[in-house]
Amino acid sequence: MIVRQHSFFAALAYIVAASSSVNGFNVGGNFKPKAKLTTETTTPRNAIAIPMPDVQQEQEVFSKMKPPQESAWVENLDYDAFAADVSALGKQLLKEQGNDDVEHLNKILKWQNIAALLGIATMGASP
């Protein structure tokens with residue numbers, strides 16, 4: 001894909017430069033590119049071999065490791081109770097949503113659209 005893109009842009013540059021007039025400006029019709037336009041790929045290069053460690057040995061090392069003292073709470077966490085608490089909180093927040101939340105989200109979307117339009121309107125401006 002990269003080769004095709006480069007050859008496309010090279011061909012486009014050749015066409016623009018070779019034309020006698022571009023947007024009313026004479027750029028010269030006798031332009032000859034120094035590089036040959038081609039769609040062929042470059043010469044393949046050999047890969048560098050990197051020795052990989054033994055996976056079984058790494059698993060043994062990691063299984064012997066213990067979390068730091070400040071992360072010890074993870075070992076004692078009741079995941080089922082935590083999931084139930086998060087689910088209950090989600091249901092409570094869903095019940096508390098109202099028109100104020102919808103209006104706020106609409107205001108955020110309006111500002112997003114304004115910023116997008118401003119960006120599109122000014123993207124052709126040069127510094």
Side-chain angles (χ1 to χ4, degrees):
M1 186 66 160
I2 293 174
V3 173
R4 289 184 187 155
Q5 287 176 349
H6 288 297
S7 62
F8 168 76
F9 290 121
L12 182 64
Y14 175 77
I15 291 168
V16 169
S19 66
S20 62
S21 174
V22 177
N23 293 334
F25 296 103
N26 187 4
V27 294
N30 57 356
F31 175 79
K32 294 183 181 174
K34 294 180 181 179
K36 179 182 174 186
L37 298 177
T38 180
T39 58
E40 296 176 8
T41 59
T42 59
T43 308
R45 298 180 182 173
N46 294 335
I48 299 172
I50 300 173
M52 298 298 289
D54 184 24
V55 175
Q56 209 169 31
Q57 182 183 5
E58 281 194 1
Q59 286 176 348
E60 290 173 8
V61 170
F62 285 125
S63 66
K64 293 177 185 176
M65 293 176 67
K66 293 187 178 183
Q69 185 64 27
E70 57 269 1
S71 298
W73 62 270
V74 175
E75 293 179 4
N76 300 326
L77 181 64
D78 184 7
Y79 288 99
D80 293 330
F82 180 72
D85 289 344
V86 170
S87 179
L89 179 63
K91 289 176 184 177
Q92 177 187 352
L93 292 175
L94 186 63
K95 289 178 185 176
E96 293 175 1
Q97 286 182 350
N99 285 337
D100 291 340
D101 296 315
V102 172
E103 289 174 7
H104 177 71
L105 288 174
N106 285 333
K107 183 175 85 170
I108 297 295
L109 291 175
K110 179 179 77 172
W111 280 107
Q112 174 193 356
N113 291 334
I114 290 171
L117 290 173
L118 183 64
I120 290 170
T122 60
M123 84 178 150
S126 59

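Note that the coordinates shown come from a computational prediction; the quantities given were computed from them, not determined experimentally.
The CG atom of Leu109 lies 11.0 Å from the CD1 atom of Ile114; values are rounded to the nearest 0.5 Å. Taking CD1 from Ile120 and CG from Asn113, the interatomic distance works out to 9.5 Å, rounded to the nearest 0.5 Å.
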Distance-only donor-acceptor hits, side chain of residues 101-108, under 3.5 Å, sequence neighbours excluded:
from: Asp101; atom 1: OD2; to: Gly98; atom 2: N; distance (Å): 3.2
from: Asn106; atom 1: ND2; to: Val102; atom 2: O; distance (Å): 3.3

Begin with the C-alpha distance, continue with both residues' side-chain angles, and end with the deciding distance and a verdict on side-chain contact (heavy atoms from CB on, under 4.5 Å) for Lys91 and Ser87.
-> CA-CA 6 Å; Lys91 289 176 184 177; Ser87 179; 3.9 Å; yes

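Partners of Glu96 by side chain to side chain donor-acceptor pair (under 3.5 Å), not counting sequence neighbours, listed by chain and number: Gln92. Checked against side chain to side chain contact (heavy atoms under 4.5 Å, CB included), Trp73 has the following partners two or more places apart in sequence or in another chain: Leu77.
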